Amino acid sequence: MKNILVTGGAGFIGSNFIRMVLVEHPDCFVVNLDKLTYAGNLENLAEFAHHERYRFAQGDICDGALVGRLLEEHRIEAIVNFAAESHVDRSIAGPRIVIETNVTGTLCLLEAARDKKVGRFLQVSTDEVYGALGHRVNSRSRPC
């Protein structure tokens, strides 16, 4: 059994990822850590609420003690981080929460993964972190 911690799993993309894992990978156990802010909705995973290979934990990825306890308790082998403040308007109105979640929270997860020797870490994020795609360049066009 592969044990995975998914953060932000009650959001749109995270919940679809968890659904895919539980349906297509019977060898995986998923722990969903979500703070349940404006973007999280447990109804997205209501059909799996009592699934034998799924557990939900409400909490913040900035809470190192909680993250460490979940990694140990469930013998987590991989972390998939979907937790993020992802709306541009929110980031303009309140940039501090964006830094806390997207930067400090990710750092907390990385440190816990290192400390608990978690072998895999997948960072999934938004254009607020990676930036816009820009102009597509192909063999017939010239770069801007």
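Owing to the predicted nature of the structure, the values given are computational and were not obtained by experimental measurement.
- Between Ile4 and Val80, the closest side-chain pair of non-hydrogen atoms falls below 4.5 Å.
- Atom CD of Glu100 and atom SG of Cys108 lie 12.5 Å apart (nearest 0.5 Å).
- Of the possible donor and acceptor atoms, none in the side chain of Asn44 sits under 3.5 Å from a partner among the backbone N and O of Gly40.
- Leu66 and Val6 fall into different hydrophobic clusters, where Ile, Leu, Val, Met, Phe, Trp and Tyr side chains are chained together by heavy-atom contacts under 4.5 Å.
- For Tyr54, there are no ring-ring contact (aromatic ring centres under 6.0 Å, His included) partners at least two apart in sequence or on another chain.
- To the nearest 0.5 angstrom, Arg55 atom CZ is 12.0 Å from Asn32 atom CG.
- Rounded to the nearest 0.5 Å, atoms CG (Leu33) and CZ (Phe82) are 13.5 Å apart.
- Summarising the geometry of Phe121 relative to Gln123, their closest heavy-atom pair is CE2-OE1, 3.6 Å, with the distance given to 0.1 Å.
- With sequence neighbours left out, the side chain to side chain donor-acceptor pair (under 3.5 Å) criterion links Glu72 to Lys116.
- The cluster map of Ile, Leu, Val, Met, Phe, Trp and Tyr, joined by side-chain heavy atoms under 4.5 Å apart, puts Phe12 and Phe48 in the same cluster.
- Residues Ile61 and Val67 come closest through the heavy atom pair O-CG2, 3.8 Å.
- Contact annotation: the side chain of Leu42 approaches that of Leu36 to within less than 4.5 Å [non-hydrogen atoms, C-beta and beyond].
- Considering NZ of Lys117 and CG of Asp115, their distance stands at 8.0 Å, rounded to 0.5 Å.
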side-chain hydrogen bond (donor to acceptor under 3.5 Å, both in side chains), that's the test. Do Asn3 and Glu77 meet it? Break it down for me. CA-CA 5 Å; Asn3 297 343; Glu77 302 168 69; 4.6 Å; no
Where do His25 and Met20 land on the side chain to side chain contact (heavy atoms under 4.5 Å, CB included) test, with the steps shown first? CA-CA 8 Å; His25 299 277; Met20 182 270 305; 3.9 Å; yes
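- For the 3.5 Å distance criterion, the side chains of Glu85 and Asn102 fail to qualify, holding no donor opposite an acceptor.
- Val23 and Val31 are members of different hydrophobic clusters when ILVMFWY side chains are connected at heavy-atom separations under 4.5 Å.
- Using a 4.5 Å heavy-atom cutoff, the side chains of Ser15 and Leu45 are in contact.
- Here the side chain of Thr101 pairs no donor or acceptor atom with the backbone of Val98 at under 3.5 angstrom.
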Do Ile99 and Arg96 pass the side chain to side chain contact (heavy atoms under 4.5 Å, CB included) test, and can you show the C-alpha distance, the side-chain angles, and the key distance before you say yes or no? CA-CA 5 Å; Ile99 297 300; Arg96 182 173 307 279; 5.8 Å; no
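- Applying side chain to side chain donor-acceptor pair (under 3.5 Å) to Thr7 and the options Asn81, Asp34, Asp60 leaves one that passes, Asn81.
- Inter-residue side-chain proximity for Ile18 and Leu22 is flagged as met; some heavy-atom pair is nearer than 4.5 Å.
- Under the 4.5 Å side-chain contact rule for hydrophobic residues, Leu122 and Phe17 share a cluster.
- Going from atom CZ of Arg19 over to atom CD of Glu47 covers 4.5 Å, rounded to the nearest 0.5 Å.
- Side chains of Leu5 and His74 form no contact here, defined as non-hydrogen atoms less than 4.5 Å apart.
- Arg75 places none of its side-chain heavy atoms less than 4.5 Å from the side chain of Met1.
- One finds the CG atom of Leu109 at 11.0 Å from the OG1 atom of Thr104 (value rounded to the nearest 0.5 Å).
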